[in-house]
Amino acid sequence: MAGDSGGGGGRTRPNILVTGTPGTGKSTTCSLLAEATRFRHINVGDLVREKGLHDGWDDEFDCHIINEDLVCDELEDMMEEGGNIVDYHGCDFFPERWFDSVVVLQTDNSVLHDRLTSRGYMGPKLTNNIECEIFQVLLEEAKASYAEDIVMALQSNSVEDISRNVATLTEWVNNWRPVRSS
């Protein structure tokens with residue numbers, strides 16, 4: 001399991017990043033995991049909207065242009081405490097020290113296409129997200145941004161997959177131990 005040796009620079013509880021293309025089940029997985037572990041679920045997209053941590057609107061992709069520095073400043077104190085599940089479709093701008101496990105959810109393209117079109121995705125936004133999944137962009141981004149032994153890819157095609165992923169991650173949290181500095 002990723003990051004079994006623990007980490008966390010003095011935290012008593014780990015932080016988990018759950019990333020993946022939109023539509024892979026991040027928010028559902030994070031909500032269930034937060035319930036099971038009593039950790040704080042931080043949905044970065046919601047945080048950006050609620051606190052205005054953006055630089056305006058992107059008409060082509062129909063979303064806010066996230067201000068990464070403002071997001072990191074907002075999260076810093078919470079991340080130092082530990083016990084957070086961060087939910088976002090990007091991962092390369094967070095400080096590496098924040099996370100003890102980085103989970104990349106992956107979904108078959110046909111399932112993903114149906115989920116995104118049911119959310120109203122179309123045009124460049126739909127195409128871009130499907131291509132992102134086909135080319136495993138987020139898995140590569142995670143592996144490039146974090147120690148490879150803390151990155152894990154999990155299939156997220158069905159309710160059964162999500163339940164299994166939550167059970168796996170809950171077990172990981174329960175077995176996590178902070179590294180003691182000597």
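Source: prediction; values computed, not measured.
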Side chains of [X] and [Y] in contact at under 4.5 Å (non-hydrogen atoms):
X      : Y      : answer
Glu160 : Gln155 : no
Leu126 : His113 : yes
Ser101 : Pro14  : no
Val173 : Arg13  : no
Asn67  : Val71  : no
Asp100 : Arg11  : yes

Using 0.5 Å steps for rounding, measure from the [atom1] atom of [X] to the [atom2] atom of [Y].
X      : Y      : atom1 : atom2 : result
Asn129 : Tyr121 : CG    : OH    : 5.5 Å
Asn165 : Leu32  : CG    : CG    : 10.5 Å
Asp46  : Lys51  : CG    : NZ    : 12.5 Å
Leu138 : Thr24  : CG    : OG1   : 8.0 Å
Asn174 : Thr37  : CG    : OG1   : 8.5 Å
Arg40  : Asn84  : CZ    : CG    : 4.5 Å

Linked, directly or transitively: [X] and [Y] (ILVMFWY side chains, under 4.5 Å):
X      : Y      : value
Leu70  : Met78  : yes
Ile134 : Leu116 : yes
Ile130 : Phe135 : yes
Leu112 : Val137 : yes
Phe93  : Met79  : yes

Next item on the list: From the options Glu133, Arg115, His89, select the one residue that forms a side chain to side chain donor-acceptor pair (under 3.5 Å) with Thr21.
Entry: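 So, applying the side chain to side chain donor-acceptor pair (under 3.5 Å) to Thr21 and each of Glu133, Arg115, His89, only Glu133 qualifies.
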[X] to [Y] - nearest heavy-atom pair and separation:
X      : Y      : value
Cys30  : Val18  : SG-CB, 3.5 Å
Asp87  : Ser27  : OD2-OG, 2.9 Å
His64  : Val48  : CB-CG1, 4.2 Å
Asn157 : Gln106 : OD1-O, 4.3 Å
Cys91  : Leu17  : CB-CD2, 3.4 Å
Ala36  : Thr170 : CB-OG1, 3.5 Å

Short side-chain to backbone donor-acceptor contact, [X] and [Y], under 3.5 Å:
X      : Y      : result
Lys26  : Val86  : no
Ser156 : Thr107 : no
Thr117 : Asp114 : yes
Asn15  : Trp98  : yes

Checklist line | Glu81 atom CD, over 12 foreign heavy atoms within 6.0 Å | finding: yes
Checklist line | Given Asp58, Val44, Asp55, the one that forms side chain to side chain contact (heavy atoms under 4.5 Å, CB included) with Ile66 | finding: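 It is Val44, the one option of Asp58, Val44, Asp55 that forms the side chain to side chain contact (heavy atoms under 4.5 Å, CB included) with Ile66.
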Item checked: SB check Glu171 Arg164 (cutoff 4.0 Å) ->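 Salt bridge between Glu171 and Arg164, a charged N being under 4.0 Å from a carboxylate O: no.
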